[in-house]
Amino acid sequence: MSDAILFDYWRSSASYRVRIALNLAGIRYQPIVIDLVNGAHRAPEHLARNPQGLVPVLDIDGVRLTQSLAILEYLDETRELGLLPPNPAARAAARALAHSIAVDVHPVCNLSVARHTTALSDGASDMPGDWMRHFIRPGLLAFEALLAGFDQRPFCTGETPALADICLIPQLYNARRWQVDLSDLPRLQSVETACARHPAFVAAHPDLHAPT
Ligand SMILES: N[C@@H](CCC(=O)N[C@@H](CS)C(=O)NCC(=O)O)C(=O)O
């Protein structure tokens, strides 16, 4: 018996964020695979769920939600996950950290963007890898610098996993997929180590959601 349905794709960073948050909330969910590689997200059936033709989509509490950041905030507000600090200035700073990835890096590395840029590059040999590295590495360097302003204990913004961790870990998975050099990013590496030990992050890992 599940409490929610997640329209999901294993390698989707935005879906990965929502899987982590559902696990943090202890919500049992039924995953329904929307295969982005074969174009299932553009099928009328999925466009009826989300006219943007994107995953994730979450059915929960009798409502249908899209946009991973909106879903994370909904889960935080209804399940009191403590994803953001109470103080308004600290909240703004924590959001800015998370958004530096979710709003600035992730969209330019989306499947449709990578495919379009590959098509425009006229067969250049290292597309879309060059494209991905060009945007991911500076985004992560900035995240590393921003982290210096937080008290890492051991997560990005404190003792418990929060919004920034949920946005960072899927981006790191994606960075490794595209062979982005992370060796000089010690703060990121220590957050990654802490998250890799946390059951909510472990259970959300793409390898556990890959098609068999
Ligand atoms: N801002 C949206 C982005 C969702 C998104 O970009 N999803 C990707 C997978 S991570 C997708 O569905 N891509 C399909 C495509 O690019 O055509 C969110 O955070 O939910």
Side-chain angles (χ1 to χ4, degrees), residues 4-25 27 29 31-60 63-78 81 83-84 94-121 127-129 131-136 139-140 143 162-178 180 201 204-211:
I5 297 174
L6 177 64
F7 299 90
D8 180 50
Y9 185 65
W10 66 293
R11 271 186 161 157
S12 151
S13 300
S15 301
Y16 189 177
R17 291 176 204 146
V18 173
R19 293 197 298 267
I20 296 167
L22 287 167
N23 294 340
L24 285 171
I27 295 170
Y29 65 92
I32 296 194
V33 176
I34 304 298
D35 190 334
L36 300 186
V37 173
N38 76 12
H41 55 304
R42 296 278 166 209
E45 206 181 345
H46 190 67
L47 290 173
R49 288 179 203 114
N50 180 2
Q52 284 191 286
L54 301 171
V55 291
V57 174
L58 182 69
D59 287 353
I60 189 167
V63 291
R64 172 161 284 168
L65 304 175
T66 61
Q67 287 289 345
S68 63
L69 292 178
I71 295 172
L72 298 181
E73 294 215 9
Y74 175 84
L75 293 173
D76 195 24
E77 286 161 9
T78 58
L81 300 181
L83 298 185
L84 287 166
R95 278 198 177 103
L97 185 62
H99 291 190
S100 74
I101 285 178
V103 176
D104 291 333
V105 176
H106 173 260
V108 288
C109 298
N110 216 335
L111 178 67
S112 57
V113 175
R115 276 188 173 161
H116 187 58
T117 195
T118 301
L120 291 179
S121 74
M127 291 297 285
W131 178 273
M132 297 297 192
R133 286 185 287 279
H134 178 80
F135 288 105
I136 296 173
L140 293 180
F143 195 97
L163 188 66
D165 305 287
I166 294 174
C167 292
L168 173 64
I169 294 304
Q171 189 61 66
L172 289 181
Y173 169 83
N174 195 255
R176 293 192 189 287
R177 182 179 170 203
W178 297 107
V180 175
F201 286 79
H205 193 282
D207 289 351
L208 297 179
H209 297 266

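The model shown is predicted, which means the values in this text are computed figures rather than measured ones. Atoms within a ligand are numbered from 1 in the order they appear, just like the ligands themselves.
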Just to confirm my output: which protein heavy-atom neighbour is closest to atom 3 (C) of ligand 1, and how far is it? H106 CE1, 3.9 Å
Side chains of H41 and N50: closer than 4.5 Å at any heavy-atom pair? no
For N174 and P170, indicate whether the former's side chain and the latter's backbone hold a donor-acceptor pair under 3.5 Å. no
Q67, R42, Q52, R11: member with heavy atom nearest to atom 1 (N) of ligand 1: Q67
Return the closest protein heavy atom for atom 6 (O) of ligand 1 as residue, atom name and distance. N110 ND2, 2.6 Å
Enter the distance from F143:CZ to I136:CD1 here, rounded to the nearest 0.5 Å. 14.0 Å
Are any non-hydrogen side-chain atoms of Y9 and D35 less than 4.5 angstrom apart? yes
So if I count the atoms of ligand 1 from 1 in the order they appear, which ones are less than 4.0 Å from some heavy atom of R17? 19 (O)
Any idea which protein heavy atom is nearest atom 9 (C) of ligand 1, and the distance to it? S12 OG, 3.4 Å
Taking every heavy atom of L140 against every heavy atom of L168, the minimum-distance pair comes out as CD2-CD1, 4.1 Å
Any heavy-atom pair between the side chains of I32 and D8 that's under 4.5 Å? no
Note: L36, heavy atoms under 4.0 Å from ligand 1, region reported as side chain
Using the ring centroid of each side chain, check whether Y16 and H209 are separated by less than 6.0 Å. no
S13 heavy atoms, cut-off 4.0 Å: which ligand 1 atoms fall inside? 10 (S)
Give me the residue, atom name and distance of the protein heavy atom closest to atom 14 (C) of ligand 1. H41 CD2, 3.5 Å
Nearest neighbour in protein (non-hydrogen) for atom 12 (O) of ligand 1: V55 N, 3.0 Å
So which of C109, A40, S112, S68 gets nearest to atom 19 (O) of ligand 1, if we judge by its closest heavy atom? S68
Check whether any side-chain N or O of S100 sits under 3.5 Å from a backbone N or O of L97 as a donor-acceptor pair, and report yes or no. yes
Just which atoms of ligand 1 are under 4.0 Å from any heavy atom in L111? 16 (O)
Taking both backbone and side-chain atoms of P56, is any N or O found less than 3.5 Å from an N or O belonging to ligand 1? no
